[in-house]
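Note on naming: letters A, B, ... go to the chains in the order of the sequence lines (proteins, then strands), and numbering restarts at 1 for each one. All of these numbers come straight from a predicted model, not from anything done at the bench.
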2 protein chains.
Amino acid sequence: MPHDHSAFAPHDHAACAGGTLALAEQRLAEVGQRLTPVRRRTLQILLESHRALGAYDVLERLVADGFANQPPVAYRALEFLEEQGLVHRIRRLNAFAACMHPGEAHAPAFLICRTCHAVAEAPAAAVGEALQAAADTLHFTIERSTIEALGLCPTCTGAAHAD
Amino acid sequence: MPHDHSAFAPHDHAACAGGTLALAEQRLAEVGQRLTPVRRRTLQILLESHRALGAYDVLERLVADGFANQPPVAYRALEFLEEQGLVHRIRRLNAFAACMHPGEAHAPAFLICRTCHAVAEAPAAAVGEALQAAADTLHFTIERSTIEALGLCPTCTGAAHAD
DNA sequence: ATGTTTATGTTATACTATAACGCAGGAGCG
DNA sequence: CGCTCCTGCGTTATAGTATAACATAAACAT
């Protein structure tokens with residue numbers, strides 16, 4: 001399994017990103033969806049760092065690669081990737097991050113460092129279950145959930161800087 | 001305790017809103033903050049329904065009450081109320097909802113009905129603990145968390161309509 | 001090759017949020 | 001009373017996020 005490490009831990013990132021991209025291609029092929037150039041490049045851009053990027057940040061980089069400088073170019077690619085479970089939306093930041101576990105069923109929880117803006121997907125099965133239990137008591141049917149925590153990653157906690 | 005019921009259950013809403021407003025005034029007095037006319041009216045507007053309203057929706061109603069038709073009027077009041085723990089921000093909707101348990105320490109979970117847009121604050125202590133546990137394994141320090149679920153409330157589940 | 005579907009290019013606009021400055025009114029103090 | 005300090009509000013302007021709608025083109029199936 002290519003991603004047993006956290007975004008916060010040092011790791012061979014080229015392999016990490018490459019492996020995830022390969023996994024993503026495989027998933028798309030399985031469901032008969034196409035990883036077109038914009039989509040592929042968009043995913044690569046997000047995979048280059050374990051950080052969340054705004055749609056306009058992504059667009060900026062797409063433009064540098066020759067794509068049109070229009071918001072829908074980025075939004076469409078991001079929306080597609082999100083639908084396919086390859087990208088997650090970080091609502092707290094109005095931003096997007098590549099999924100590190102494509103294909104694995106997961107209602108992910110995100111840990112967002114407010115200092116270095118790194119984003120990790122935490123193992124969140126227990127969180128999801130607790131939320132489901134809370135919803136059950138109110139007879140609410142959950143369809144999608146957003147679980148995000150803002151704080152300090154291990155590195156930035158150590159540095160102990162103020163914001 | 002005025003709010004042992006859920007937003008999804010029928011209840012005496014006038015009492016519910018009035019009680020929460022009184023509680024809010026009390027909290028503010030305790031910490032030496034002022035519930036000015038805009039702030040009071042903003043809170044009332046949010047208390048009128050167990051739903052999340054966008055800042056511009058709030059503004060529209062404030063304007064109807066004679067306040068200036070400028071975004072900062074609404075945003076300032078909402079920001080103040082949020083800082084005081086009297087209003088919560090619903091990230092998923094870019095909207096705001098009145099807190100139903102002012103003063104009680106809580107990292108709330110929100111259940112948002114995608115059909116009728118009702119928003120309930122669910123008991124979420126267990127969810128928070130699970131999230132904290134997940135963060136601990138990655139040595140991440142949580143400062144603020146966002147827990148939101150989108151789905152169907154009991155009423156709309158019954159109606160079983162498509163979106 | 002032709003029709004169908006899917007994806008992209010392009011223009012325009014809607015929606016969300018904040019910066020920055022100036023004025024008004026109350027609070028504390030001589 | 002007059003001063004000034006502080007808070008909150010009015011106001012203008014603009015920044016940042018997201019989508020609607022229609023035109024063009026590429027890919028796919030037959």
Side-chain angles (χ1 to χ4, degrees), chain A residues 24-25 28-29 31-43 45-46 51-84 86-97 112 117 146 148 163, chain B residues 25 28-29 31-43 45-46 51-84 86-97 112 117 146 148 150 163:
Chain A
E25 280 190 302
L28 286 182
V31 298
Q33 294 287 342
R34 293 156 51 195
L35 191 63
T36 62
V38 216
R39 292 170 179 175
R40 182 189 188 85
R41 186 70 194 111
T42 299
L43 184 53
I45 287 166
L46 291 179
R51 294 164 59 223
L53 294 180
Y56 283 76
D57 296 324
V58 171
L59 178 56
E60 204 172 290
R61 305 202 193 192
L62 288 174
V63 168
D65 284 298
F67 294 97
N69 189 9
Q70 302 296 346
V73 171
Y75 279 103
R76 278 199 287 236
L78 290 165
E79 181 187 18
F80 170 84
L81 293 168
E82 195 193 4
E83 275 164 9
Q84 302 304 320
L86 302 175
V87 157
H88 296 294
R89 197 165 190 145
I90 311 295
R91 308 213 96 107
R92 187 139 202 144
L93 302 178
N94 293 322
F96 302 82
I112 308 159
H117 301 122
T146 302
E148 299 174 0
D163 193 8
Chain B
E25 280 191 303
L28 286 183
V31 296
Q33 294 287 341
R34 293 156 51 191
L35 191 63
T36 62
V38 216
R39 292 170 178 176
R40 182 189 187 85
R41 185 71 193 112
T42 299
L43 185 53
I45 287 167
L46 291 179
R51 293 163 60 224
L53 294 181
Y56 283 76
D57 296 324
V58 171
L59 178 56
E60 205 173 290
R61 306 203 193 192
L62 288 174
V63 168
D65 285 297
F67 294 98
N69 190 10
Q70 302 297 345
V73 171
Y75 279 102
R76 277 198 287 237
L78 290 166
E79 181 187 18
F80 170 84
L81 293 168
E82 196 194 3
E83 276 164 8
Q84 302 304 320
L86 302 175
V87 157
H88 296 295
R89 196 163 189 146
I90 311 295
R91 305 265 174 197
R92 187 139 201 143
L93 303 177
N94 293 322
F96 302 82
I112 308 160
H117 301 122
T146 302
E148 300 174 359
L150 187 71
D163 193 8

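Within the 4.5 Å cutoff, no side-chain heavy atoms of L46(A) are placed close to those of L86(A). By the 4.5 Å heavy-atom criterion applied to side chains, R41(B) and R61(B) are not counted as neighbours. Looking at Y56(A) and N94(A), their side chains never come closer than 4.5 Å, going by heavy atoms from C-beta outward.
Residues L59(B) and A74(B) share a closest heavy-atom pair of CB-CB, 3.8 Å.
The R34(A) side chain lies nearest to dT6(C) when the options are dG8(D), dA18(D), dT6(C). The side chain of Q33(B) approaches dG8(D) more closely than any other nucleotide in the set dA17(C), dG8(D), dA7(C).
Look at R39(A) and you'll find a side-chain N or O under 4.0 angstrom from OP1 or OP2 of dA7(C). Note on T36(B): every side-chain N or O is 4.0 Å or more away from OP1 and OP2 of dT7(D). Remark: Y75(A) is in phosphate contact with dA18(D), judged by side-chain N or O atoms under 4.0 Å from OP1 or OP2.
Side-chain atoms of Y56(A) and base atoms of dA18(D) include a donor and an acceptor less than 3.5 Å apart. For dG10(D), its base sits under 3.5 Å from the side chain of R76(B) at one donor and acceptor pair at least.
Of the residues in residues 62-73 of chain A, P71(A), P72(A) come within less than 4.0 Å of DNA chain D through at least one heavy atom, sorted by number.
End-to-end axis angle of the helix from dA1(C)-dT30(D) to dG30(C)-dC1(D), using five pairs per end and rounding to 10°, comes to 20°.
The closest side-chain donor-acceptor pair between T146(B) and R92(A) falls under 3.5 angstrom.
Backbone-only contact: R89(B) has heavy atoms under 4.0 Å from sugar-phosphate atoms and none from a base.
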